[in-house]
Amino acid sequence: MSEHVMPTYGRLDIAFVSGEGAWLTDDKGNRYLDGLSGLGVVGLGHAHPRVSNAIAAQSSILLHTSNLYRIPSQERLADRLAEISGMDNMFFCNSGAEANECAIKIARLYGHNRGIETPTIIVIDAAFHGRTLATLTATGNRKVQAGFEPLVGGFVRAPFNNVEAIENIARNNNNIVAIMLEPIQGEGGIQVPDENYLSRLRALCDESGWFLILDEVQSGNARTGSYFAYQQAGIVPDLLTTAKGLANGLPIGVCMARGEAAKVFAPGNHGSTFGGNPLACAAAAAVIDEIEEKDLAERAGQLGDRMRQNFEQRLGALNNVREIRGKGLMIGIELDQPCGELVQKAMAKGLLLNVTADSVIRLLPPLIISDDEADQICEIVCSLVESL
Ligand SMILES: *Cc1c(COP(=O)(O)O)cnc(C)c1O
């Protein structure tokens, strides 16, 4: 491994050279079933022809002009995302953290416009929002923050899945402008809140004049059974971010705003050199076309239910299995012990998976996997857990 790459990741000593669908091939010719999709990014699988063709075609015409000029493909993508999400307008950037930075800036500026000098955002225990200074502050994991103090001001923290705790914070703090959360926590261990959690937070935000900011960087783009996870709760946020699966691997992020939140920014308030460039927007448009034509959101919902049922049947009664949870193809199996070693053991059996929050096996397979591939994933994961 080159010493010229900063050691920010404890990388596994394996290098993939090509992929097709749900499969990756390493430089020794070994094939692996991808149960992780590059951390929830390649929802359509590897080397998807529709996306490859869109990227090839756009790259041979025009890559970049900057946001000093109109970008028709960006406008078209914004129109499509508005139609899908119910949001009014959007800002394009290049990553999830940047999308969240944009949402945080809108909430703060909205506060200042209303005479709140220290606008404060409620964030949640075990949340993950990114690695920039503001987003690592919003993240509820000391490991992500330690050593990078002073953290950014203007955040207060509440426990997960607890509306009363948030009401209590509100009673003692006149500076709150927003609540920011993931509808399903990803890095925090695939934590799914109670059925009515989002609608209760929506009502609280409406009563209090706060923005509801949903981070769907991981849960968005058809992964949980609907294009965005909040759509299953029958609510709409004021600010919505997504990134990972939006363009199947080309870097892109977006912050969407609705109602009052859509009226906050004016020219000069925010920007991005690369954000919303023709190449990234062409890839994202191709991804959305494919998701819609093939009903991949619905497919992810059904296949996810089936996989969780399989896991429940085979693992549910084991003493070392705490809980099997998730929505759609965002699946977590929590064990009663740290299980990081399963990543290597799964790789030895030809499956890529991830362990998050120390003891949660996380699966984010491509949305295009076949029933048979889903069964293969279940079989390998079950045999690994049984052998622990
Ligand atoms: C991955 C992730 C982020 C950060 O996205 P980057 O593209 O790595 O900056 C933010 N929020 C959630 C929920 C994520 O899963």
Side-chain angles (χ1 to χ4, degrees), residues 6 8-9 11 36-43 90-105 107 121-141 143-145 148 152 155 157 160-161 178-193 197-198 212-224 227-230 237 239-256 272 274-277 280 283-284 287 325-332 353-357 360 362-365:
M6 284 196 193
T8 54
Y9 283 87
R11 288 173 203 269
L36 193 60
S37 308
L39 284 167
V41 170
V42 290
M90 46 210 73
F91 175 85
F92 290 97
C93 49
N94 315 289
S95 67
E98 277 177 82
N100 288 334
E101 287 275 342
C102 176
I104 292 165
K105 281 181 69 175
I121 299 174
I122 298 174
V123 291
I124 307 295
D125 281 342
F128 183 81
H129 297 297
R131 299 283 193 157
T132 62
L133 282 171
T135 59
L136 75 82
T137 302
T139 290
N141 178 346
K143 277 193 211 154
V144 172
Q145 299 171 337
F148 302 111
V152 173
F155 293 95
R157 195 163 301 284
F160 176 72
N161 199 20
I179 307 173
M180 179 171 179
L181 73 155
E182 305 151 82
I184 298 169
Q185 289 188 335
E187 305 303 302
I190 314 291
Q191 300 283 357
V192 185
Y197 182 56
L198 285 183
L212 179 63
I213 307 175
L214 293 183
D215 176 347
E216 295 230 27
V217 170
Q218 190 164 147
S219 59
N221 307 296
R223 180 149 294 279
T224 71
Y227 198 91
F228 291 106
Y230 71 81
L239 289 159
L240 167 67
T241 62
T242 196
K244 288 190 166 97
L246 183 56
N248 213 53
L250 234 71
I252 187 171
V254 61
C255 173
M256 313 186 209
S272 166
F274 291 132
N277 67 73
V287 170
R325 54 185 182 243
K327 260 202 182 137
L329 292 175
M330 194 170 176
I331 300 172
L353 53 72
N354 170 251
V355 168
T356 190
V360 181
R362 174 169 53 168
L363 295 169
L364 301 167

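Counting convention: from 1, in listed order, for ligands and their atoms alike.
Of all atoms in ligand 1, numbered sequentially from 1 with element shown, those under 4.0 Å from a heavy atom of S95 are 7 (O), 9 (O). For ligand 1, the atoms sitting less than 4.0 Å from at least one non-hydrogen atom of D215 are 10 (C), 11 (N), 12 (C), 13 (C), numbered in the order shown with element in parentheses. Within ligand 1, counting atoms from 1 as listed, the ones closer than 4.0 Å to a heavy atom of A97 are 4 (C), 5 (O), 6 (P), 9 (O). Atoms of ligand 1 found under 4.0 Å from any heavy atom of N100 (numbered from 1 in listed order, with element): 10 (C), 11 (N).
Considering backbone and side-chain atoms together, E182 places no N or O closer than 3.5 Å to any N or O of ligand 1. Every N/O-N/O distance between G130 and ligand 1 stays at or above 3.5 Å. Among the atoms of K244, some N or O lies under 3.5 angstrom from an N or O of ligand 1. Considering backbone and side-chain atoms alike, V217 places every N or O at 3.5 Å or more from each N or O of ligand 1. Taking only nitrogen or oxygen atoms, main chain and side chain alike, Q218 reaches within less than 3.5 Å of ligand 1. Ligand 1 has no N or O atom lying under 3.5 Å from any N or O atom of A243, backbone or side chain.
Formation of a donor-acceptor pair under 3.5 Å by the R362 side chain with backbone atoms of A357 is not found in this model. Between the T242 side chain and the E216 main chain, a donor and an acceptor come within less than 3.5 Å of each other. For the pair R223 (side chain) and F228 (backbone), a donor-acceptor distance under 3.5 Å is absent.
Every side chain to side chain contact (heavy atoms under 4.5 Å, CB included) that C93 has, sequence neighbours left out, goes to F91, E98, A99. Every residue meeting the side chain to side chain contact (heavy atoms under 4.5 Å, CB included) condition with A178, not counting sequence neighbours, appears here in chain and number order: A107, I121, F211, I213.
The local environment of CZ in F274 is sparse, with at most 12 non-hydrogen atoms from other residues, nucleotides or ligands closer than 6.0 Å.
Residues I124 and Q185 approach most closely at CG2-NE2, 3.8 Å, considering heavy atoms.
Neither side chain, E182 nor Q191, offers a donor N or O lying under 3.5 Å from an acceptor on the other.
Summary of contacts: the protein heavy atom closest to atom 5 (O) of ligand 1 is G96 CA, 3.4 Å.
Distance remark: protein heavy atom not present below 4.0 angstrom from atom 8 (O) of ligand 1.
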